[in-house]
Amino acid sequence: MTRAWILPVLLMLSGSVVATGLTFSGAPGTAAVSLLVFALLAGVNSPLVFPKSIGALEAQRRSAVDGKPVVFWRPGCTYCLRLRIRLGRSVSQLHWVDIWRDPAGAAAVRAANDGDETVPTVVVAGDPHTNPDPVWVRKQLSRIT
């Protein structure tokens, strides 16, 4: 769980150092803007942007019942963030599994990607799709509802 927070914490620490330096050099306005930018970057790269993750086994069980796709992701992954942002409010229609929190999820991703932990991996009806186009994922959701 702590691995997911390394990048956001480093971004906040870096932002604090930059803002402190700018403040001491006489640019408090620039310091405030810099700190805000670093805080936004930290927030976007944190697990807080994504829906609550569940375990891989639970996600697969729920998907078998309701037919919703399972998304395997990890914090700090720009492709996962792109998928999350492009899906917008549709994210609640998927089951999200953080592979850094769930060893079974990481194993499922490795099994689907020849031993690599490539995310996002979206499983639709039992078939894994690595880094799919968000438009394609949205089409899969429209088939369910």
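Given the structure is predicted, the values throughout are model-derived calculations rather than measurements. Heavy-atom basis, side chains included; hydrogens, waters and symmetry copies ignored.
- Residues I99 and I54 do not share a hydrophobic cluster, defined by chaining ILVMFWY side chains whose heavy atoms lie under 4.5 Å apart.
- Here CD of Q93 is found 9.5 Å from CZ of R138. Values are rounded to the nearest 0.5 Å.
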Go through the steps for H95 and D66 under the test side-chain contact (heavy atoms from CB on, under 4.5 Å), then give the verdict. CA-CA 10 Å; H95 302 293; D66 61 20; 3.1 Å; yes
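- Clustering ILVMFWY residues whenever any of their side-chain heavy atoms sit less than 4.5 angstrom apart, transitively, puts L7 in a cluster other than the one holding L35.
- The minimum heavy-atom distance between A39 and M12, with the atom names listed, is CA-SD, 3.4 Å.
- For W73 (side chain) and S53 (main-chain N/O), no donor-acceptor pair under 3.5 Å exists by modelled atom type.
- Closest non-hydrogen pair, V91 versus L87, comes out as CG1-CB, 3.8 Å.
- Within the 4.5 Å cutoff, the side chain of V71 has no heavy atoms near those of the V137 side chain.
- In this structure the side chain of L40 never reaches within 4.5 angstrom of the side chain of V44, judged on heavy atoms.
- A donor-acceptor pair under 3.5 Å is absent between the side-chain atoms of S63 and the main chain of A59, judged by distance alone.
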Stepwise side-chain contact (heavy atoms from CB on, under 4.5 Å) check, L81 with I85: CA-CA 6 Å; L81 184 61; I85 290 170; 3.8 Å; yes
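- The shortest heavy-atom contact between V122 and P69 is CG1-CB, 4.0 Å.
- Proximity of R82 to N131: side-chain heavy atoms (C-beta onward) are separated by under 4.5 Å at one or more points.
- Taking OG1 of T78 as the start and CG of L83 as the end, the distance is 11.5 Å to the nearest 0.5 Å.
- Between V135 and R86, the closest side-chain pair of non-hydrogen atoms falls below 4.5 Å.
- In this structure, A56 and D102 approach most closely via the heavy-atom pair N-OD2, 2.6 Å.
- A chain of hydrophobic side-chain contacts below 4.5 Å, direct or via other Ile, Leu, Val, Met, Phe, Trp or Tyr residues, connects V37 to V18.
- Expressed to the nearest 0.5 Å, how far OG of S92 lies from NZ of K68 amounts to 6.5 Å.
- Residue L94 holds its CG atom at 13.0 Å from CZ of R62, rounded to the nearest 0.5 Å.
- Shortest non-hydrogen contact noted between C77 and V119 is SG-O, 3.6 Å.
- Between H129 and W136, the ring-plane angle classifies as tilted under the 30° and 60° cut-offs.
- Across all their heavy atoms, L22 and A31 have their closest contact at CB-CB, 3.7 Å.
- Side chains of T130 and N113: a donor-acceptor N/O pair is present below 3.5 angstrom, by distance only.
- The backbone N or O of K139 sits less than 3.5 Å from a side-chain atom of S142, completing a donor-acceptor pair.
- Side-chain contact between V17 and L13: absent, with no pair of heavy atoms (C-beta onward) separated by less than 4.5 Å.
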